[in-house]
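Worksheet: the structure to be examined is printed underneath.
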Amino acid sequence: MQKVIDNALIYVKEIFEKEYSGHDYFHTLRVYKTATSIAIKEKANLQVVQIAALLHDIDDRKLSPLTHKNKDNARKFLLNNGVSLQVINQICDIIEEVSYKGVNCESVTSIESACVQDADRLDALGAIGIARAFAYGGANNRVMHNPEIEPKLNMNVKEYRAHISTTINHFYEKLFNLKDLMNTSTAKAIAKEREEYMKDYIARFNAEWQGEK
Ligand code: ADP
Ligand code: NI
């Protein structure tokens, strides 16, 4: 399996070479590292977690809509690397469970999914989370902030996907929900600290916006 992991590292570097919307190679690398450390603490199957983390975005709904449903890129890569059908299905199930589906989404069905989902969500928090949100907003022509547009809270998956908002509203509409959606206690502790940092940032942003700082 170590060879599969090494090949996956090379493969995702190629795939994400020209992707700047916040889902880049380095996002994948951070998720891989964070998922690894969570998996060790949670005693999950380390190699399954590592491969799923490395491949988690290659069939993303937004980046690769045509391969998203059946995870064609992940399946092809794993087949070419001699992985058994059983493990391929296990990894594709994890990838399917990782993506954010609104506040009332189903929970994960394995500890391996929990590790990868937590690692992916942690990367949307903290200093990096702030940077990714603005990078995404810029890449998708979204306005940074408009005080006349209220955030829409508690959206289900359908509403969330159809909703067009500002980047600052995204903090309230998604990012501040993530702490309570973490599966593992390891990720919950990191998320708590990262959310506090983001709330301080928003307070400062608003103060500067009002001309108070
Ligand atoms: P997932 O990792 O669940 O696929 P997304 O594709 O929704 O998550 O998000 C990837 C990154 O882009 C995250 O850092 C997220 O905060 C950011 N992002 C997603 N949607 C928006 C948005 N509407 N405005 C600003 N940032 C966004
Ligand atoms: Ni991701």
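Residue indices begin at 1 and follow the sequence shown. Basis for what follows: all heavy atoms, side chains included, without hydrogens, waters or symmetry-related copies. Every number for a ligand or one of its atoms is a count from 1 in the order of the listing. It should be emphasised that the depicted structure is a prediction, and the values quoted were computed from it without experimental measurement.
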> Taking all atoms of both residues into account, what is the closest heavy-atom pair of Ile38 and Asp118, and its distance?
Replying inline: CD1-CB, 4.0 Å

> His27 and His56: ring pair (Phe, Tyr, Trp, His ring centres under 6.0 Å), yes or no, with the steps?
Replying inline: CA-CA 11 Å; His27 161 67; His56 86 274; 5.2 Å; yes

> Would you call Lys174 a ligand 1 contact, heavy-atom distance under 4.0 Å?
Replying inline: yes

> Is there a nitrogen or oxygen of Thr167 sitting under 3.5 Å from a nitrogen or oxygen of ligand 1?
Replying inline: no

> Relative to each other, are the rings of Phe134 and Phe205 parallel, tilted or perpendicular (30° and 60° limits)?
Replying inline: parallel

> Do NZ/NE/NH1/NH2 and the carboxylate oxygens of Arg204 and Glu208 come within less than 4.0 Å?
Replying inline: yes

> Is Gln86 atom CD crowded by more than 12 heavy atoms from other residues, nucleotides or ligands, each under 6.0 Å away?
Replying inline: no

> Can you find an N/O atom of Arg132 closer than 3.5 Å to an N/O atom of ligand 1?
Replying inline: yes

> Does an N or O from His170, backbone or side chain, lie closer than 3.5 Å to an N or O of ligand 1?
Replying inline: yes

>> Salt bridge check, Glu173 against Lys152: does any charged N sit closer than 4.0 Å to a carboxylate O?
In response: no

>> Is any side-chain heavy atom of Thr36 closer than 4.5 Å to one of Val49?
In response: no

> Does Leu54 share a hydrophobic cluster with Tyr25, counting links as ILVMFWY side-chain heavy atoms below 4.5 Å and allowing steps through other members?
Replying inline: yes

>> Only heavy atoms of Lys62, strictly under 4.0 Å: list the atoms of ligand 1 that pass.
In response: 5 (P), 6 (O), 7 (O)

>> Nearest 0.5 Å, please: how far is CD1 in Ile130 from OG1 in Thr167?
In response: 12.0 Å

> At a 4.0 Å threshold, what atoms of ligand 1 neighbour a non-hydrogen atom of Leu175?
Replying inline: 16 (O)

> Is it the side chain (CB and beyond), the backbone, both or neither of Asp123 that lies under 4.0 Å from ligand 1, heavy atoms counted?
Replying inline: neither

> Where does the angle between the aromatic ring planes of Phe171 and Tyr201 fall among parallel (under 30°), tilted (30 to 60°) and perpendicular (over 60°)?
Replying inline: parallel

> What atoms of ligand 1 come within less than 4.0 Å of a heavy atom belonging to Asp60?
Replying inline: 4 (O)

>> Is there a polar contact, in the sense of an N or O pair closer than 3.5 Å, between His27 and ligand 1?
In response: no

> Side chain, backbone, both or neither: which part of Arg121 comes within less than 4.0 Å of ligand 1 when only heavy atoms are counted?
Replying inline: neither

>> Using a 4.0 Å heavy-atom cut-off, which part of Asn140 comes near ligand 1: side chain, backbone, both, or neither?
In response: neither

> Salt-bridged, Lys71 to Asp59, with N to O below 4.0 Å?
Replying inline: no

> Which protein N, O or S atoms lie under 2.8 Å from the Ni ion (ligand 2)?
Replying inline: His27 NE2, His56 NE2, Asp57 OD2, Asp120 OD1

